[in-house]
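Since the structure comes first, as structure tokens, the remarks are kept for the end.
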Amino acid sequence: QVQLVESGGGLVQAGGSLRLSCTASVRTFSSYTMGWFRQAPGKEREFAAAIDWIGSSTYYSDSVKGRFTISRDNDKNTVYLQMNSLKPEDTAVYYCAAGQRLLGRETSGYEYWGQGTQVTVSS
């Protein structure tokens with residue numbers, strides 16, 4: 001099994017930054033594609049960013065591209081989401097996800113999920 005634990009969420013003003021972390025309790029962290037998804041109240045969970053097994057390729061949704069950066073440190077079994085220039089519409093619960101499929105934006109491509117961490121951006 002893969003256990004994912006997110007941290008770093010909180011309240012920030014528009015234009016500010018947050019850095020989310022997700023640490024995995026797994027022996028072979030480097031074998032997993034990692035992704036970040038978010039879900040706002042009353043809305044479906046949507047893709048934000050993903051990174052491949054070795055961190056050489058990344059993929060972002062249009063809504064976060066240029067503002068968010070996903071990275072990973074396989075030695076620490078951790079994936080990060082650096083969020084800059086935050087907007088109120090970024091407010092959501094952010095979920096870390098792990099999968100053993102190719103880099104993608106579909107939730108079906110990820111088999112393990114964290115508990116979520118709340119990000120609230122005030123205007």
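Each residue takes its place number in the sequence, starting with 1. Just so it is clear, the values below take in all heavy atoms, side chains as well, and ignore hydrogens, waters and symmetry mates.
- Residues Tyr60 and Ile70 form a side-chain contact, since some pair of their non-hydrogen atoms from C-beta on lies under 4.5 Å apart.
- Here the closest heavy-atom approach between residue Ala14 and residue Ser123 is recorded as CB-CA, 4.3 Å.
- Residues Ser61 and Arg105 meet the side-chain proximity criterion, which asks for heavy atoms closer than 4.5 Å.
- Note on Phe47 and Val64: separate hydrophobic clusters, where clusters join Ile, Leu, Val, Met, Phe, Trp and Tyr whose side-chain heavy atoms are under 4.5 Å apart, directly or indirectly.
- Gln100 places a side-chain heavy atom less than 4.5 Å from the side chain of Tyr32.
- Under the 4.5 Å side-chain contact rule for hydrophobic residues, Val12 and Leu20 share a cluster.
- With rounding to the nearest 0.5 Å, the separation of CG in Leu103 from CD1 in Ile51 is 8.5 Å.
- With values rounded to the nearest 0.5 angstrom, Met34 atom CE is found 9.0 Å from Thr78 atom OG1.
- For residues 72-120, the set of pairs meeting the ring pair (Phe, Tyr, Trp, His ring centres under 6.0 Å) definition, not counting sequence neighbours, comprises Phe37-Tyr110, Phe37-Trp113.
- Under the 3.5 Å distance criterion, the side-chain polar atoms of Asp52 are matched with a main-chain donor or acceptor of Ser57.
- The closest side-chain heavy-atom distance from Arg67 to Lys87 is below 4.5 Å.
- Residue Leu18 comes nearest to Gly8 through the heavy atom pair CD2-O, 3.9 Å, listed as atom of the first residue, atom of the second, then distance.
- Closest non-hydrogen pair, Ser85 versus Ser17, comes out as N-OG, 4.3 Å.
- Gln118 is listed as a side-chain neighbour of Thr91, based on a closest heavy-atom distance under 4.5 Å.
- Side chain to side chain, Gln39 and Glu44 fail the donor-acceptor criterion of an N or O pair below 3.5 Å.
- When atom types are taken as modelled, the side chain of Gln13 and the backbone of Ser122 share no donor-acceptor pair closer than 3.5 angstrom.
- Checked for salt-bridge contact, Arg38 and Asp90 meet the test: a charged N lies under 4.0 Å from a carboxylate O.
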Worked verdict on Tyr59 versus Thr33 for side-chain contact (heavy atoms from CB on, under 4.5 Å) = CA-CA 11 Å; Tyr59 181 40; Thr33 293; over 6 Å; no
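- Put simply, CZ on Arg19 and CG on Asn84 are 11.0 Å apart, with the number rounded to the nearest 0.5 Å.
- Both Val119 and Leu4 are members of a single hydrophobic cluster when ILVMFWY side chains are connected at heavy-atom separations under 4.5 Å.
- Residues satisfying the side chain to side chain contact (heavy atoms under 4.5 Å, CB included) criterion with Leu102, sequence neighbours excluded, are absent altogether.
- At least one donor-acceptor pair under 3.5 Å links the side chain of Arg101 to the backbone N or O of Ser108.
- A side-chain donor-acceptor contact under 3.5 Å links Trp53 to the backbone of Ser31.
- Side chains of Cys96 and Val79 form a contact here, defined as non-hydrogen atoms less than 4.5 Å apart.
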